[in-house]
J.: 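Pasting a structure below so you can have a look.
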Amino acid sequence: MASPSPTPRPAALIGWRLLALLYDLWPVVALWMLASAIFTFAYTFSGHDSHENIPPFSLLQWLLWLVCWLIGAGYAVLSWRRGGQTLGMRPWRLQVTAADGTAPDWRTLLVRYAVGSASLLLAGLGFWWAWFDRDRLTWHDRASGTRMVRLPKRAK
């Protein structure tokens, strides 16, 4: 009796994920610039010299970083919740799903974003991990119980 053939390992999708991240960088940077302009105007109109920048490592600067991180979270989590895809994921037919194939809930997506952010801060280590993981999952896939899948091409 012949043994069944082993199930092939899923693709790590690292290249597609990085392309989607690069594509998503542009709308997020535009939103960050808008937030920075608002902070700068508020800083200037609170009595500071108009040629003076917000001091590095000041409370206001840390608040701006937090706002930018939250803007990124809003962009990603709302996009994933609305259809499983950000703008950058659409051209490469990537989609975030729960492990069972359904749409992930809000908490799951927030965990995914938080762990993905930590992974990026660690030089993308959590992304590269997918090459070694038995199921080709990144840290944020594992931590949140989500999966990144590549959708088939649409029939014309």
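Because the structure is predicted, anything quoted here is derived from the model rather than measured. Each residue takes its place number in the sequence, starting with 1.
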J.: Going through the distances and angles, do Phe127 and His140 end up as a ring-ring contact (aromatic ring centres under 6.0 Å, His included)?
T.: CA-CA 8 Å; Phe127 285 87; His140 45 283; 4.7 Å; yes

J.: Would you call Trp128 and Trp139 a side-chain contact if the rule is heavy atoms closer than 4.5 Å?
T.: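 No. Closest side-chain heavy atoms not under 4.5 Å.
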
J.: Taking the side chain as every heavy atom from C-beta outward, state whether Thr97 and Met148 have any atom pair closer than 4.5 Å.
T.: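 Sidechains of Met148 and Thr97: no contact.
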
J.: Between Ser36 and Leu64, is any pair of side-chain heavy atoms under 4.5 Å apart?
T.: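 A side-chain contact under 4.5 Å exists here.
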
J.: Determine the interplanar angle of the Tyr43 and His48 rings, folded into 0 to 90°, and report it as parallel if under 30°, tilted if 30 to 60°, perpendicular if over 60°.
T.: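 Parallel.
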
J.: Verify the cluster assignment for Trp62 and Leu70: are they in a single hydrophobic cluster under the rule of side-chain heavy atoms below 4.5 Å apart?
T.: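 No, Trp62 and Leu70 fall in different hydrophobic clusters.
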
J.: How long is the straight-line distance from CZ of Arg154 back to CZ of Arg93, given to the nearest 0.5 Å?
T.: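 CZ of Arg154 is found 10.0 Å from CZ of Arg93.
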
J.: Report whether Ile71 and Leu66 are members of the same hydrophobic cluster (ILVMFWY, side-chain heavy atoms less than 4.5 Å apart, transitive linking).
T.: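 Ile71 and Leu66: one cluster.
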
J.: Let me see the working for Asp24 and Arg90 under salt bridge (charged side-chain N to carboxylate O under 4.0 Å, His left out), right down to the final yes or no.
T.: CA-CA 10 Å; Asp24 281 326; Arg90 290 178 185 174; over 6 Å; no

J.: Please check if atom CH2 in Trp106 has more than 12 non-hydrogen atoms from other residues, nucleotides or ligands closer than 6.0 Å.
T.: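 More than 12 within 6.0 Å, yes.
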
J.: If you round to the nearest 0.5 Å, how far is CZ of Arg150 from CG of Leu13?
T.: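 Reported value, rounded in 0.5 Å steps: 7.5 Å.
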
J.: Run the side chain to side chain contact (heavy atoms under 4.5 Å, CB included) test on Met89 and Tyr23 for me, step by step, so that the C-alpha distance in whole Å, both residues' side-chain angles and the decisive distance to 0.1 Å come before the verdict.
T.: CA-CA 8 Å; Met89 294 165 70; Tyr23 194 108; over 6 Å; no

J.: Applying ring-ring contact (aromatic ring centres under 6.0 Å, His included) to Phe57 and Trp65, what does each step give before you reach the verdict?
T.: CA-CA 10 Å; Phe57 305 109; Trp65 279 108; 9.5 Å; no

J.: Are more than 12 heavy atoms, taken from residues, nucleotides or ligands other than Tyr75, located less than 6.0 Å from that residue's OH atom?
T.: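 Buried by this count: over 12 neighbours within 6.0 Å.
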
J.: Give, for atom OG of Ser117 and atom CG of Leu122, the distance between the pair rounded to the nearest 0.5 Å.
T.: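 The OG atom of Ser117 sits 11.0 Å away from the CG atom of Leu122.
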
J.: Starting from Trp26, can I reach Leu78 by hopping between I/L/V/M/F/W/Y residues whose side chains sit under 4.5 Å apart?
T.: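 Looking at the clustering, Trp26 is in a separate group from Leu78.
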
J.: Where is the tightest heavy-atom contact between Tyr113 and Ala76, given as atom of each residue plus distance?
T.: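 That would be CD1-CB, 3.9 Å.
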
J.: Within the structure provided, determine whether Val96 and Pro104 are in side-chain contact (heavy-atom separation under 4.5 Å).
T.: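 They are in side-chain contact.
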
J.: Between atom CD1 of Ile54 and atom CG of Leu63, what is the distance when rounded to the nearest 0.5 Å?
T.: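 It is 9.0 Å, given to the nearest 0.5 Å.
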
J.: Between Arg112 and Thr146, do the side chains contain an N or O donor and an N or O acceptor separated by less than 3.5 Å?
T.: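 Side-chain D/A pair, Arg112 to Thr146: present.
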
J.: Do Leu31 and Val67 belong to the same hydrophobic cluster, where Ile, Leu, Val, Met, Phe, Trp and Tyr are linked whenever their side-chain heavy atoms lie under 4.5 Å apart, directly or via other members?
T.: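 Per the 4.5 Å side-chain linkage, Leu31 and Val67 are co-clustered.
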
J.: Would you please test Thr108 and Asp105 for side chain to side chain contact (heavy atoms under 4.5 Å, CB included) and show each step?
T.: CA-CA 5 Å; Thr108 299; Asp105 62 22; 2.5 Å; yes

J.: Does Val115 reach the side chain of Thr138, with side-chain heavy atoms less than 4.5 Å apart?
T.: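 Heavy-atom side-chain distance check fails, nothing below 4.5 Å.
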
J.: Any chance the rings of Trp32 and Phe39 have centres within less than 6.0 Å?
T.: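 No, the ring of Trp32 stays outside the 6.0 Å limit from the ring of Phe39, centre to centre.
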
J.: Between the side chain of Asp100 and the main-chain N/O of Thr102, is any donor-acceptor distance below 3.5 Å?
T.: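 Yes, the answer is positive, given that a donor and an acceptor are paired below the 3.5 Å cut-off.
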
J.: Could you tell me whether the side chain of Val149 reaches within less than 4.5 Å of the side chain of Leu94, counting heavy atoms only?
T.: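 Result no, sub-4.5 Å side-chain heavy-atom pair not found.
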
J.: Does the side chain of Trp16 reach to within under 4.5 Å of the side chain of Leu19, using non-hydrogen atoms?
T.: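 Trp16 reaches Leu19 side chain to side chain.
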
J.: Find the distance between CG (Leu110) and CZ (Arg81) and round it off to the nearest 0.5 Å.
T.: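 Between Leu110 CG and Arg81 CZ, I get 10.5 Å after rounding to 0.5 Å.
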
J.: Under the criterion salt bridge (charged side-chain N to carboxylate O under 4.0 Å, His left out), I'd like the reasoning laid out for Arg142 against Asp135: C-alpha separation, chi angles, the key distance, then a yes or no.
T.: CA-CA 10 Å; Arg142 284 240 178 250; Asp135 298 319; 3.1 Å; yes

J.: Rounded to the nearest 0.5 Å, what separation is found between the CG atom of Leu34 and the CD1 atom of Ile38?
T.: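 Going from CG on Leu34 over to CD1 on Ile38, the span is 4.5 Å.
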
J.: Group every Ile, Leu, Val, Met, Phe, Trp and Tyr by side-chain heavy-atom contacts under 4.5 Å, then state whether Ile14 and Leu121 land in the same group.
T.: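 Not linked; separate clusters.
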
J.: Using only heavy-atom distances, determine whether the side chains of Trp80 and Thr86 contain a donor-acceptor pair under 3.5 Å.
T.: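 There is no such pair (donor and acceptor under 3.5 Å, judged by atom type) between the side chains of Trp80 and Thr86.
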
